[in-house]
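These notes are about the structure you will find just below.
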Amino acid sequence: MSQDRDYIDQEITQIRFIYETLYPDTPVETHMWWEKAKISTPAVQPQTMNYGAEMMALTYIGNLRTGPQETPALPGKRVFVTIPSPRQVAVRESAGGVPWHKRPRKYRAIHALSPILAEQMKYQIEARRFHKLPVRHKFSRLACSRGIFETQKIAPAGRHGGKDPAILIGLHWLDVGGAESLGIDSIQWALDAGLRVFVMVGQEGPERLLSKLPDDPRLQLIRTDRYLPRSLASGFVSQLIAQENIILTHNHHCVPLYDALPTIKLRHPHVVNLDSTHIVEYADGGYPRISGVWSNFIDYHHVISRDLERFYKERFRVYGNKLVLGRLLDDSRRGAPVAPVRIKAGQSRCRVAFVGRMVHQKRPVVALSIIRRLRAWGKRNGVDFRFDMVGEGPYRGAVEHLLTRYRLTDVVHLHPAGTDVPALLGESDILLVPSSNEGLALVCYEAIEAGCVPICSEVGAQAEICPPETLVSWSPLKAVRESVEVVQRLLREDGFAKTVETGQRARMEALQNEPSAREVLGQLYRDTLAAACGAAAEAEAAKPTSTRKAKTKAEDKAPA
């Protein structure tokens, strides 16, 4: 119970920070429940004297009063929040099952007949949505008065009391993903640049990355995903900027932070706004489209690929220094030798890996169809295959179900999300990346550096890292057939592996000659900090002169 008490105290500290920041001069009465409340939470209502039976529920923890005393002239707010137990969070992480059981009966029937046909049907729906994107969704920038940018350029006096400059970094959530991984790296780069860091989270979900946050007293995670209604996020961000001397925001797929942009530009025009995007979604354009729509409110768009660079230029007419390319490269390994391709024609053993979250985008069901075909081909041709699948997520239960159905449990080894992927790739010959969509898969960098051959769907910017010989169709049926053919050529055709190695090496060298995300983002952080410190120094230097002038005038007016 003492552990629960410590945990609850930590969460109450989070709740207090959020509402003392949002309502610094307002009486606030916060009511808290454990795990489940009988009313919708989080919620904020005007303070009233009536209480309902929900206050007597067994899960009710108690209430907390902050701010000044409530008076008729100063009415307060009543806040309702639910504190999730660590057990609830763990359940989110282990959520599994077979995700198509809740789909329409027709889909379930097709899946029972052939899972790959069901994947083909989803692909056809995605392709149709993708072609209708410009018609169904907005692809133009929201208008923004240029006068906003010509107003006050240095931080106003505010309530921050001389606190060191800070950055606000917005994450979609704390689960494993490319955007989240870059977000965690950005936090460390901002700390290295000398900034205090505040992190807000847009959506609740599994929290596998929580332990990856740097252990630094200058970092503060704000649980807006748990304890703040979405409609109040803009006001909270504005108050946080004034209170904590925030000079820069960096958005990694955080919708509430995008929604706060008009408030930031109107009330804090000195703040520099930056975002990073990774992947264009087929259904609605995803975060790059959201980013492009808000482009007039954003100072810099950081992209990870040439494909996204073209997207901003063609769709939103974004050009010049506002668009910055920074590759997801490890600078410490720049120029390091790339391991030679491990697979050789004629070998009788082959190790194949799949690495990715168990979600539809990564298409683990398609990967299993490829594995099934390779296993059957290997039996006929004397090749002993071993398969490794790394990842967790909603499709994990489905993968386990299909492994039993296909009788592959003896040759396919499942690994959790925390597995040492570089070490696994260092022992693998092939990496399967049959995704329905990608930005530029980070795991492909790791595979090529380790001497593994990634076989990828030709989607997103995958052509920037994989040669045409290892790119396969977006269509699941074609992807299965073409992936198997590529593996067969690597194992049977003399010189083909060398051709693939040459293509991979050329692309890796080209990528390593371009700036990395750490270089471009770190420089933006440092430049913004230097500009803010310079402006603050100028303002401070101007104060004595003003004071002397005021003093002289007062002395002139004084009687002799």
Side-chain angles (χ1 to χ4, degrees), residues 13-26 28 42-44 66 77 79 81 142 144 148-149 151-161 163-174 179 183 186-187 190 195-204 218-276 287 290-291 293-301 524-525 528-529 532:
T13 301
Q14 282 275 356
I15 295 165
R16 288 194 63 158
F17 178 81
I18 289 173
Y19 288 100
E20 287 178 353
T21 299
L22 182 59
Y23 301 120
D25 303 313
T26 303
V28 177
V44 177
T66 56
K77 299 286 185 181
V79 175
V81 294
L142 287 170
C144 180
I148 293 174
F149 300 96
T151 57
Q152 186 178 10
K153 291 297 181 183
I154 61 172
R159 307 192 310 267
H160 58 73
K163 293 178 182 176
D164 291 337
I167 181 175
L168 174 61
I169 293 179
L171 300 179
H172 173 64
W173 61 2
L174 291 170
S186 299
I187 292 169
L195 289 161
R196 295 185 303 126
V197 180
F198 292 86
V199 179
M200 67 179 287
V201 183
Q203 180 173 312
E204 277 199 278
R218 297 172 296 162
L219 168 65
Q220 182 170 344
L221 173 64
I222 309 170
R223 299 314 303 259
T224 50
D225 55 326
R226 289 181 180 176
Y227 303 124
L228 183 69
R230 178 69 61 87
S231 61
L232 299 178
S234 295
F236 171 76
V237 168
S238 178
Q239 294 283 60
L240 185 71
I241 289 171
Q243 174 180 297
E244 300 296 340
N245 192 18
I246 290 172
I247 61 170
L248 176 67
T249 72
H250 189 175
N251 195 329
H252 296 269
H253 297 184
C254 182
V255 172
L257 189 52
Y258 278 119
D259 292 342
L261 284 170
T263 303
I264 296 172
K265 277 300 177 190
L266 284 168
R267 299 186 65 180
H268 312 281
H270 67 284
V271 172
V272 174
N273 297 294
L274 160 71
D275 72 353
S276 294
Y287 291 98
I290 296 173
S291 169
V293 168
W294 285 112
S295 185
N296 284 335
F297 297 77
I298 296 172
D299 299 287
Y300 299 100
H301 296 289
L524 283 172
Y525 295 165
T528 305
L529 179 59

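These numbers come from the heavy atoms of this one structure, side chains and all, not from hydrogens, waters or symmetry mates. Counting begins at 1 with the first residue of the sequence. Given the structure is predicted, the values throughout are model-derived calculations rather than measurements.
Note: Leu529 CG to Leu195 CG = 5.0 Å, rounded to the nearest 0.5 Å. Taken from CG in Leu261 to OG in Ser234, the straight-line distance is 8.5 Å, to the nearest 0.5 Å. Between the CD1 atom of Ile246 and the CD1 atom of Ile169 there is a distance of 10.5 Å, given to the nearest 0.5 Å. One finds the CG atom of Leu174 at 11.0 Å from the CD atom of Gln203 (value rounded to the nearest 0.5 Å). Taken from CG in Asp299 to CG in Leu274, the straight-line distance is 8.5 Å, to the nearest 0.5 Å. A distance of 11.0 Å separates OG in Ser186 from CG in Asn251, rounded to the nearest 0.5 Å.
For the pair Val79 and Tyr227, the minimum side-chain heavy-atom distance is 4.5 Å or more. Residues Tyr23 and Thr66 have side chains not in contact (no heavy-atom distance under 4.5 Å, counting atoms from C-beta outward). Taking the side chain as every heavy atom from C-beta outward, Asp275 and His301 approach each other to under 4.5 Å. The side-chain heavy atoms of Tyr19 and Thr26, taken from C-beta on, include no pair separated by under 4.5 Å.
Proximity of a side-chain donor or acceptor of Arg230 to a complementary backbone N or O of Gly202 within less than 3.5 Å is detected. Between the His268 side chain and the Ala242 main chain, no donor and acceptor come within less than 3.5 Å of each other. In this structure, Arg226 contributes its side chain and Gln14 its backbone to no donor-acceptor pair below 3.5 Å.
Thr21 and Gln243 form a side-chain donor-acceptor contact under 3.5 Å, judged by distance and modelled atom types alone. Residues Asn273 and Thr249 bring a donor and an acceptor atom of their side chains to less than 3.5 Å of each other.
Of all heavy-atom pairs spanning Leu22 and Gly235, the tightest one is CD1-C, 3.7 Å. For Trp173 against Val201, the heavy-atom pair with the smallest separation is CA-CG1, 3.5 Å. The shortest heavy-atom contact between Pro256 and Ala233 is CB-CB, 3.9 Å. Residues Ile167 and Ala190 approach most closely at CG2-CB, 3.8 Å, considering heavy atoms. Between Met200 and Leu257 the shortest heavy-atom distance is SD-CD1, 4.2 Å. Gly183 approaches Leu171 most closely through the heavy-atom pair CA-CD2, 3.7 Å.
Using bins of under 30°, 30° to 60° and over 60° for the plane-to-plane angle, the ring pair His172/Tyr287 lands in the perpendicular bin. Using bins of under 30°, 30° to 60° and over 60° for the plane-to-plane angle, the ring pair His250/His252 lands in the tilted bin. Ring planes of Phe17 and Phe198: parallel class, angle under 30° (limits at 30 and 60°).
A search for side-chain contact (heavy atoms from CB on, under 4.5 Å) contacts involving Thr528 returns Ile247, Leu248, Val272, not counting sequence neighbours.
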Pair Val237-Thr263, side-chain contact (heavy atoms from CB on, under 4.5 Å): steps then yes or no: CA-CA 9 Å; Val237 168; Thr263 303; over 6 Å; no
Before giving the answer on side-chain contact (heavy atoms from CB on, under 4.5 Å), spell out for Asn296 and Leu142 the whole-Å C-alpha distance, their side-chain angles and the decisive distance to 0.1 Å. CA-CA 7 Å; Asn296 284 335; Leu142 287 170; 5.8 Å; no
